[in-house]
Chemist: 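Below is a structure I'd like to ask you about.
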Protein chains: 2
Amino acid sequence: MDALSAEQIAERIWLSIAERRLRPGMRLKETELAELFGVSRAKVRQVLAILEREGLVASELNKGAFVAEPSVEEARDVFHIRRSVEQRVIERLIDRLDDDKLAVLAAHVEKERVANATNDQRAIIKLSGGFHQMLAEMSEAGFLSGLMRDLISRSSLITAAFRDSDKYNCGPDEHDEIIAHLRSGDVKAARKAMAHHLDHVEKELRLSGERDTVRSLKDALLLSE
Amino acid sequence: MDALSAEQIAERIWLSIAERRLRPGMRLKETELAELFGVSRAKVRQVLAILEREGLVASELNKGAFVAEPSVEEARDVFHIRRSVEQRVIERLIDRLDDDKLAVLAAHVEKERVANATNDQRAIIKLSGGFHQMLAEMSEAGFLSGLMRDLISRSSLITAAFRDSDKYNCGPDEHDEIIAHLRSGDVKAARKAMAHHLDHVEKELRLSGERDTVRSLKDALLLSE
DNA sequence: GCAGTCATAATTGTCGACAATCGTGTGTAC
DNA sequence: GTACACACGATTGTCGACAATTATGACTGC
């Protein structure tokens, strides 16, 4: 079996962050990662560069990389820009959608439903982000797709940092509603559904309270409560 | 003399692209760049990674890096997102502006005016992008600043690829108008002025043009200075 | 006992060399 | 003369080793 690619490793780390196993502020040592994934340190540096671009890790010169600690304001900015991007994606989609693409989207939402029913957290995270990514790619706009990738990564980190419960709220029902409007060609309704969906996701976050600043060592030493 | 940093080299190449010495489609060989800038090939790869993130170069696996060739649709997407980002920046700025910052902005526009008067193309390019970057940074939003940096880079490439004349149209007058509205605290007017400014820049582009032939890499970079 | 200084260990930053891959040009068969 | 195959050169991808920097802990003087 071939060694993992930089993108694959980056996705693994992204998942760990989204699943809150890696918490904001945690150190990411290059050598450690290299051994864990069985790759060279040079490749790890590529991975960290990718994750830094996506806002998931922050690097300090000669100090190393850490899981990023997003601020409340940054969280709001991300959702603000995300609304704009997703609106644009929907506008573009209207001219490009066909039955095949609609079927693919419907199948995707069905997978989300299954994951929700079986409470498969990892699948839920992957698929809920994947839905928005899929929309962006179907809009056939390279720039928007890349931007959406960044925004989804950042949203995952924000969700991991600020959400109250362990439940993922980017549920399949609202995705389904968006698809329905797209299918009937109602741009206005689709845009509105998307806006409502993003509002809903953002509203479920704890963006008014203080952030969870617990680091790994502290977290490990503190007993429950 | 210390070796150039990756960011410095990236900026030099960005300038070369914005000044149309490096044209879309031109090959960027790693060894050649390494020799021209007197750095190792590893550092050149860092530079290319930065430029790829900013959409200025496109890399193909095992083929190398080329100056990106933006499409007309991509150009429209970039301006669309840019409007959203700059609107958000203005909203944030209203709460944060003080006399000092306004003075800095005014001084910057004055520099632009001088550069325009003396027809200093390189300064014009740097300063006109710098104005928008400065606004983003004054809004104290790390995410927006980073995004703006990308958008400005992409806009520079788009402008270089699609503009009719050799004149830069992101003139200081419209920048001045935005500042005036910011000074008087009129958010609505400032947003409108910004929207008009971006519309104006986009409208001056030739969105059905063909590209021209390439020159040698060495000539295009003009390393002497 | 405490503050400051220094040495050592750990970690990141940088580089040059080697391996893998692709494009080009040549040679050969038909 | 043309088309295909092969080999060579050029270029990129990958890796391990060395240098530079930082953090940690011991030591010394007071």
Side-chain angles (χ1 to χ4, degrees), chain A residues 1-13 16 22-69 215-221, chain B residues 1-13 16 22-69 213-221:
Chain A
M1 173 180 171
D2 285 356
L4 293 148
S5 74
E7 282 75 15
Q8 289 173 318
I9 298 174
E11 187 181 338
R12 292 273 293 270
I13 295 178
S16 292
L22 280 176
R23 308 249 175 149
M26 279 179 91
R27 176 89 179 268
L28 297 172
K29 286 189 245 187
E30 296 181 355
T31 341
E32 198 171 350
L33 291 172
E35 287 172 2
L36 280 172
F37 288 104
V39 298
S40 73
R41 205 161 64 84
K43 184 152 279 185
V44 169
R45 288 172 71 81
Q46 288 181 24
V47 172
L48 292 176
I50 292 174
L51 293 171
E52 188 173 8
R53 179 190 61 187
E54 294 177 355
L56 291 180
V57 317
S59 293
E60 293 177 56
L61 189 66
N62 290 325
K63 293 240 187 123
F66 303 81
V67 179
E69 310 188 48
R215 291 194 167 209
S216 63
L217 181 58
K218 203 163 163 191
D219 191 35
L221 292 177
Chain B
M1 167 181 164
D2 283 358
L4 293 142
S5 74
E7 282 75 15
Q8 288 173 318
I9 297 175
E11 187 181 336
R12 293 278 292 268
I13 296 179
S16 292
L22 279 175
R23 309 250 173 149
M26 279 180 87
R27 177 92 179 266
L28 296 172
K29 288 188 240 185
E30 296 182 354
T31 39
E32 197 170 357
L33 290 172
E35 288 171 4
L36 284 170
F37 287 104
V39 298
S40 73
R41 206 161 64 84
K43 184 151 279 185
V44 169
R45 288 172 73 81
Q46 289 181 25
V47 172
L48 292 175
I50 291 173
L51 294 171
E52 187 174 8
R53 180 192 63 187
E54 295 177 355
L56 291 180
V57 318
S59 293
E60 292 177 57
L61 189 65
N62 291 324
K63 294 241 188 122
F66 304 81
V67 178
E69 310 189 51
T213 51
V214 297
R215 286 179 289 161
S216 91
L217 178 59
K218 199 188 211 165
D219 285 9
L221 282 171

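We name chains A, B, ... by the order of the sequence lines, and we start the count at 1 in each one.
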Chemist: Does B:Lys43 make a side-chain N or O approach to OP1 or OP2 of C:dT14 shorter than 4.0 Å?
Modeler: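 Checking B:Lys43 against C:dT14: at least one side-chain N or O falls below 4.0 Å of OP1 or OP2.
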Chemist: Within this structure, what is the CD-to-P distance between B:Glu35 and C:dC15, rounded to whole angstrom?
Modeler: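 One finds 15 Å between P of C:dC15 and CD of B:Glu35, rounded.
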Chemist: Does B:Ala58 have any side chain to side chain contact (heavy atoms under 4.5 Å, CB included) partners at least two apart in sequence or in another chain, and if so, which?
Modeler: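 If we apply the side chain to side chain contact (heavy atoms under 4.5 Å, CB included) test to B:Ala58, skipping adjacent residues, there are no hits.
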Chemist: A:Glu32 CD to C:dT12 P: how many Å, rounded?
Modeler: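 Atom-to-atom, A:Glu32 to C:dT12, this comes out as 9 Å.
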Chemist: For residues B:Leu56 and B:Ile13, determine if any side-chain heavy atom of one lies less than 4.5 Å from a side-chain heavy atom of the other.
Modeler: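 The answer is no, as the side chains (C-beta and beyond) never meet within the 4.5 Å cut-off.
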Chemist: For a quick check, with a 4.0 angstrom heavy-atom cut-off, what is the B/S/- contact string for nucleotides 16-22 of chain D, read 5' to 3'?
Modeler: -B---SS
Chemist: Who passes salt bridge (Lys or Arg N to Asp or Glu O under 4.0 Å) against A:Lys29, sequence neighbours left out?
Modeler: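 Salt bridge (Lys or Arg N to Asp or Glu O under 4.0 Å) list for A:Lys29, sorted by chain: empty.
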Chemist: Starting at atom CZ of A:Phe66, determine the distance to atom P of C:dT11, rounded to an integer number of angstrom.
Modeler: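 That distance rounds to 12 Å.
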Chemist: Would you kindly give the CD-to-P distance between B:Gln46 and C:dT14, to the nearest whole Å?
Modeler: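 For the pair B:Gln46 CD and C:dT14 P, the rounded distance is 6 Å.
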Chemist: Could you tell me how far apart A:Arg45 (CZ) and D:dG13 (C1') are, to the nearest whole angstrom?
Modeler: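 Taking CZ of A:Arg45 and C1' of D:dG13, I get 16 Å after rounding.
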Chemist: State which residues pass side chain to side chain contact (heavy atoms under 4.5 Å, CB included) with A:Ala10; sequence neighbours excluded, sorted by chain then number.
Modeler: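 Per chain and number, A:Ala10 pairs via side chain to side chain contact (heavy atoms under 4.5 Å, CB included) with A:Val47, A:Ile50, A:Leu51.
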Chemist: Between P on D:dG9 and NZ on B:Lys29, what's the gap in Å once rounded to a whole number?
Modeler: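 Answer to the nearest Å: 16 Å.
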Chemist: Can you list the residues that meet the side chain to side chain donor-acceptor pair (under 3.5 Å) rule with A:Glu54, with sequence neighbours excluded?
Modeler: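 If we apply the side chain to side chain donor-acceptor pair (under 3.5 Å) test to A:Glu54, skipping adjacent residues, the hits are A:Arg149, A:Ser153.
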Chemist: Sequence neighbours left out, cut at 3.5 Å: what donor-acceptor pairs do the side chains of residues 31-44 of chain A make with other protein atoms?
Modeler:
| residue | atom | partner | partner atom | Å |
| --- | --- | --- | --- | --- |
| A:Ser40 | OG | A:Lys43 | N | 3.3 |
| A:Arg41 | NH1 | A:Glu30 | OE1 | 2.4 |

Chemist: Are any of A:Thr31's side-chain N or O atoms less than 4.0 Å away from OP1 or OP2 of C:dT12?
Modeler: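 Yes, A:Thr31 has a side-chain N/O under 4.0 Å of OP1/OP2 on C:dT12.
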Chemist: Tell me the interatomic distance from B:Glu30, atom CD, to C:dC15, atom C1', rounded to whole angstroms.
Modeler: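 My rounded result for the distance is 14 Å.
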